[in-house]
Participant: 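What follows is a structure written as structure tokens; I'll ask about it next.
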Amino acid sequence: QVQLVESGGGLVQAGGSLRLSCAASGRTFDRYAMGWFRQAPGKEREFVATINASGGVSDYSASVKGRSTIARDNAKNMVYLQMNSLKPEDTAVYYCAARGGGIIDSYWMSYEYWGQGTQVTVSS
């Protein structure tokens with residue numbers, strides 16, 4: 001089993017940057033692909049980024065591609081999401097998720113473990 005705890009959210013002005021962190025428990029972290037998803041009020045959960053178990057393959061949604069970078073440190077059981085050039089439409093609760101099998105996926109239902117989320121608010 002994997003437990004996930006996100007941090008790093010907050011209030012930032014448009015054009016600013018944030019780095020979200022996700023701390024994972026468990027000895028088999030390096031066997032899981034990791035993903036970041038977000039959900040704004042009244043909207044469906046949305047894929048943001050995913051990275052495979054080794055960290056060598058990643059994918060991004062069109063809405064954040066070029067502005068965000070996902071990375072992981074398997075030695076520290078951590079995954080990160082660096083977000084730059086933030087826009088008001090990036091405002092949402094951001095969730096970290098883990099998926100067994102190690103292969104990236106943008107479909108949220110393929111992820112077995114979820115953190116509690118961290119709020120990101122971008123002011124205009």
Side-chain angles (χ1 to χ4, degrees):
Q1 193 158 2
V2 178
Q3 292 184 324
L4 304 170
V5 179
E6 302 96 334
S7 61
L11 174 64
V12 63
Q13 288 188 332
S17 298
L18 279 176
R19 187 176 84 152
L20 305 183
S21 299
C22 175
S25 66
R27 300 179 182 178
T28 59
F29 175 71
D30 60 359
R31 298 180 186 178
Y32 289 84
M34 301 298 294
W36 285 98
F37 295 81
R38 67 187 182 186
Q39 189 165 18
K43 295 189 177 181
E44 294 185 353
R45 193 168 305 188
E46 176 189 15
F47 165 70
V48 177
T50 179
I51 190 166
N52 73 338
S54 68
V57 179
S58 59
D59 192 22
Y60 300 87
S61 69
S63 60
V64 305
K65 196 168 188 177
R67 301 189 293 123
S68 298
T69 303
I70 187 171
R72 65 189 296 160
D73 185 337
N74 285 344
K76 296 181 178 179
N77 281 18
M78 296 290 295
V79 63
Y80 307 98
L81 181 68
Q82 176 69 43
M83 299 189 296
N84 302 320
S85 302
L86 283 162
K87 306 174 183 179
E89 51 263 44
D90 293 318
T91 295
V93 177
Y94 283 70
Y95 297 92
C96 172
R99 178 177 186 273
I103 298 173
I104 61 172
D105 197 307
S106 62
Y107 186 40
W108 69 271
M109 287 196 70
S110 72
Y111 288 78
E112 300 139 71
Y113 302 103
W114 292 82
Q116 83 289 349
T118 185
Q119 177 71 48
V120 171
T121 303
V122 184
S123 63
S124 57

Participant: Kindly write out the residues that satisfy side-chain hydrogen bond (donor to acceptor under 3.5 Å, both in side chains) with S54, not counting sequence neighbours, or none if the list is empty.
Facilitator: N52

Participant: Scan for salt bridge (Lys or Arg N to Asp or Glu O under 4.0 Å) pairs involving residues 69-80, sequence neighbours excluded, and state none if there are none.
Facilitator: none

Participant: With a cutoff of under 4.5 Å between side-chain heavy atoms, which Ile, Leu, Val, Met, Phe, Trp and Tyr residues group with L11?
Facilitator: none

Participant: Report the distance from atom CH2 of W36 to atom CG of L20, rounding to the nearest 0.5 Å.
Facilitator: 4.5 Å

Participant: Is NZ or CZ of R45 both nearer than 6.0 Å to the six-membered ring centre of F37 and within 45° of the ring axis?
Facilitator: no

Participant: Looking only at heavy atoms, what is the nearest atom pair of S17 and S85, with distance?
Facilitator: OG-N, 4.3 Å

Participant: For Y60, what residues pass the ring-ring contact (aromatic ring centres under 6.0 Å, His included) criterion, not counting sequence neighbours?
Facilitator: none

Participant: Could you pull out all residues at least two apart from A23 that satisfy side-chain contact (heavy atoms from CB on, under 4.5 Å)?
Facilitator: M78

Participant: Quick one: side-chain contact (heavy atoms from CB on, under 4.5 Å) partners of A71, sequence neighbours excluded?
Facilitator: none

Participant: Can you list everything that forms a side-chain contact (heavy atoms from CB on, under 4.5 Å) with V93? Sequence neighbours excluded, please.
Facilitator: Y95, Q119

Participant: Is there a side chain to side chain contact (heavy atoms under 4.5 Å, CB included) between V12 and M83? Walk through the geometry before answering.
Facilitator: CA-CA 11 Å; V12 63; M83 299 189 296; over 6 Å; no

Participant: Does T28 have any side-chain contact (heavy atoms from CB on, under 4.5 Å) partners at least two apart in sequence or in another chain, and if so, which?
Facilitator: R31, Y32

Participant: Run the side chain to side chain contact (heavy atoms under 4.5 Å, CB included) test on N77 and S25 for me, step by step, so that the C-alpha distance in whole Å, both residues' side-chain angles and the decisive distance to 0.1 Å come before the verdict.
Facilitator: CA-CA 7 Å; N77 281 18; S25 66; 5.9 Å; no

Participant: Do side-chain atoms of T91 reach the backbone of V122 as a donor and acceptor pair under 3.5 angstrom?
Facilitator: yes

Participant: I need the minimum non-hydrogen distance between V120 and G9, along with the two atoms involved.
Facilitator: CG2-CA, 4.1 Å

Participant: Scan for ring pair (Phe, Tyr, Trp, His ring centres under 6.0 Å) pairs involving residues 7-28, sequence neighbours excluded, and state none if there are none.
Facilitator: none

Participant: Can you pull out every salt bridge (Lys or Arg N to Asp or Glu O under 4.0 Å) where at least one residue sits in residues 105-114? Sequence neighbours excluded, please.
Facilitator: R99-D105

Participant: Quick one: CD on E89 to OG on S124, what's the gap to the nearest 0.5 Å?
Facilitator: 10.0 Å

Participant: Rounded to the nearest 0.5 Å, what's the gap from CD on E6 to CH2 on W114? Could you check?
Facilitator: 9.5 Å

Participant: Does M34 belong to the same Ile/Leu/Val/Met/Phe/Trp/Tyr cluster as Y80, with side-chain heavy atoms less than 4.5 Å apart forming each link?
Facilitator: no

Participant: Please enumerate all residues that pass salt bridge (Lys or Arg N to Asp or Glu O under 4.0 Å) together with D90, with sequence neighbours excluded.
Facilitator: R38, R67

Participant: What are the two closest heavy atoms between L18 and G8, and how far apart are they?
Facilitator: CD2-O, 3.7 Å

Participant: Do you reckon V79 sits in the same ILVMFWY cluster as F47, going by side-chain contacts under 4.5 Å, direct or chained?
Facilitator: no

Participant: Distance check, rounded to the nearest 0.5 Å: S106 atom OG versus Y111 atom OH?
Facilitator: 7.5 Å

Participant: CZ/F29 to CG/L4 distance, rounded to the nearest 0.5 angstrom?
Facilitator: 8.0 Å

Participant: List for me each residue that meets side-chain hydrogen bond (donor to acceptor under 3.5 Å, both in side chains) alongside Q3, sequence neighbours excluded, and say none if there are none.
Facilitator: none

Participant: For the CD1 atom of I70 and the CD1 atom of I51, what is their distance to the nearest 0.5 Å?
Facilitator: 5.5 Å

